[in-house]
Structure formats: structure tokens, C-alpha cells
Amino acid sequence: TYEVTKLAIGGTKVTYTIGDRQPVKGIDPNNIVLTDIALDVDSARFCTKTGEMGLGLNKFVAKERSGLEIVETHTRVAMNSKSLNVSDLLLKTRHSKIAADVVMDLNAFDEKAPGKLHVDANAMVGWGDIDKAMPMEGVWNKMAAPLTLTMKADGNMKRMEVGNIEAAMMGAFNVKG
């Protein structure tokens, strides 16, 4: 068993590059550069016998080359050979906020004997972040109101029940289902 009871990292930079092409505007999956990384983990555990893993993430912040900036992240993650549990996930950027809880059997998408999946998510996505991730000159800056999404889903590969779903942008649309 491997265990970390406290891990703090600050002022770090990570570069991930595939090939030798110049980065494109926005988020380029072949050229990820994160700077000003700060990380605070209060617990991390991996059991080699059972494969069980756990993570208590108190803080993750970073700036991406595109200008997208993660200003707050925290969650609890537990995983074993059969299931994944992500609880109290909160991810905030300068313009967006995503909160979610996910409980998933690892065989939830198995065609023959699927396990269960539960997702409870709320998101408010600001156009400032979309413009940084996928720049389109003069398009996103005209969108003032953020896009909001709410969803609960329960099921598996064979049957999924989606409830409390809502997508809205003030002054443009509001869809509920």
C-alpha cells in the first residue's frame, strides 16, 4: 500500500507536447502548457493488493497557454476494482463553474451485463472561457449570458433515465426535460 497524507505543490509548470507543430489558438491537445500550478492533496492512497485508490484533492489551480485559468478545484475520489466515486467535485474558472457527483460501476457501459451509473451535475459555462478554449473572432464576445446546464442521470448502457435536465441561456432559450 502506498499512501500520502499531505502533498502541496506551488509555482509549478507542466508542458505536454506531441510532435513539433506550432500550437494552434485555443486549447491545443497536442500542446498543453500549464503554469502557476498549485496543488493541495490531503490524502492519496493506492493498495497494490486490492487496486483500491483514494484521493482527497483540496486545491488545484493553473493557467493554460490558451488563457483559460482554473481558479478553484476540489473533490474526493474513491475507486476499486468495481466502481468509481467522484464526490463534491467543484471546478471553477474565471467565467465558469462546474459541480458534480458521480457514482459509477466500472462495467456501466458493458453491453451484456452493465452496472449502474449515477450523475448529478450543475454547470454554468461563461463565454469568456469558451472563447479562450475555442476562439472564433467576433462570435463568443457577443454572447453576454452564460450557458447553464443541470442534469441528473441514472442507468447504464441498456437503459438511462435522465431527469431534472435543464439547459438555459438568459434571453435566448430555456429547455427543460
Side-chain angles (χ1 to χ4, degrees), residues 26-29 32 34 39-47 50-64 66-136 139-177:
I27 293 181
D28 181 351
I32 304 284
L34 297 176
L39 176 72
D40 180 14
V41 173
D42 68 20
S43 60
R45 184 174 188 274
F46 174 67
C47 180
T50 64
E52 292 179 348
M53 295 183 276
L55 175 70
L57 179 65
N58 291 332
K59 177 182 182 181
F60 175 76
V61 299
K63 295 177 182 174
E64 208 280 326
S66 66
L68 188 66
E69 186 174 352
I70 299 169
V71 298
E72 181 182 352
T73 309
H74 61 77
T75 190
R76 295 272 181 241
V77 178
M79 185 174 170
N80 59 34
S81 62
K82 296 182 180 184
S83 65
L84 170 68
N85 184 335
V86 178
S87 59
D88 299 321
L89 171 66
L90 176 67
L91 185 144
K92 287 184 180 180
T93 67
R94 291 274 175 224
H95 305 281
S96 303
K97 175 182 172 183
I98 299 169
D101 290 296
V102 178
V103 178
M104 181 177 109
D105 293 337
L106 296 181
N107 66 341
F109 298 101
D110 184 87
E111 291 183 27
K112 294 181 180 169
K116 294 180 181 178
L117 167 69
H118 169 80
V119 176
D120 188 356
N122 293 292
M124 186 274 303
V125 182
W127 297 106
D129 288 334
I130 294 173
D131 186 48
K132 286 177 178 40
M134 303 178 302
M136 293 176 70
V139 174
W140 306 126
N141 60 0
K142 293 181 179 159
M143 309 284 196
L147 176 64
T148 60
L149 304 163
T150 303
M151 180 192 79
K152 286 188 181 191
D154 289 287
N156 57 34
M157 181 71 170
K158 290 187 177 183
R159 183 174 182 271
M160 183 67 66
E161 187 175 309
V162 178
N164 297 346
I165 189 164
E166 183 174 356
M169 186 169 69
M170 190 169 60
F173 63 88
N174 188 346
V175 179
K176 292 182 181 184

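This structure is a prediction, so every number in the text was calculated from the model and none was measured. For reference, positions follow the sequence shown, starting with 1.
Going from atom CE of Met151 over to atom CG of Asp120 covers 8.5 Å, rounded to the nearest 0.5 Å. In this structure, NZ in Lys116 is found 9.0 Å from CG in Asn156, a value given to the nearest 0.5 Å.
Closest of all the heavy-atom pairs between Val125 and Ser96 is CA-OG, 3.4 Å. Residues Met160 and Leu117 approach most closely at CE-CD2, 3.7 Å, considering heavy atoms. Taking all atoms of both residues into account, the shortest heavy-atom contact from Leu68 to Lys132 is N-CD, 3.6 Å. Closest non-hydrogen pair, Met157 versus Asp110, comes out as CB-O, 3.6 Å. Of all the heavy atoms in Ser87 and Asp101, the pair that sits closest is CA-OD1, 3.2 Å.
Checking side-chain atoms of Glu69 against main-chain N and O of Val71 turns up no donor-acceptor pair under 3.5 Å. Put simply, the side chain of Thr148 never gets that close to the backbone of Met124: no donor and acceptor are under 3.5 Å apart. The backbone N or O of Ala113 lies less than 3.5 Å from no partner atom in the side chain of Lys158, so there is not a single donor-acceptor pair. The closest donor-acceptor contact from the side chain of Asn174 to the backbone of Ala168 lies at 3.5 Å or more, if one exists at all.
Qualifying side chain to side chain donor-acceptor pair (under 3.5 Å) partners for Thr75, counting only residues two or more places apart in sequence or in other chains: none. Evaluation of the salt bridge (Lys or Arg N to Asp or Glu O under 4.0 Å) rule for Asp105 yields no partner, not counting sequence neighbours. Considering only residues two or more places apart in sequence or on other chains, Glu52 meets the salt bridge (Lys or Arg N to Asp or Glu O under 4.0 Å) condition with none of them.
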Evaluation steps, side-chain hydrogen bond (donor to acceptor under 3.5 Å, both in side chains), between His118 and Asp154: CA-CA 5 Å; His118 169 80; Asp154 289 287; 2.6 Å; yes
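By the 4.5 Å heavy-atom criterion applied to side chains, Met53 and Val77 are not counted as neighbours.
In this structure, Asp42 pairs ionically with Arg76, as a charged nitrogen and a carboxylate oxygen lie closer than 4.0 Å.
Under the 3.5 Å distance criterion, with hydrogens and angles disregarded, a donor-acceptor pair is assigned to the side chains of Asn122 and Thr150.
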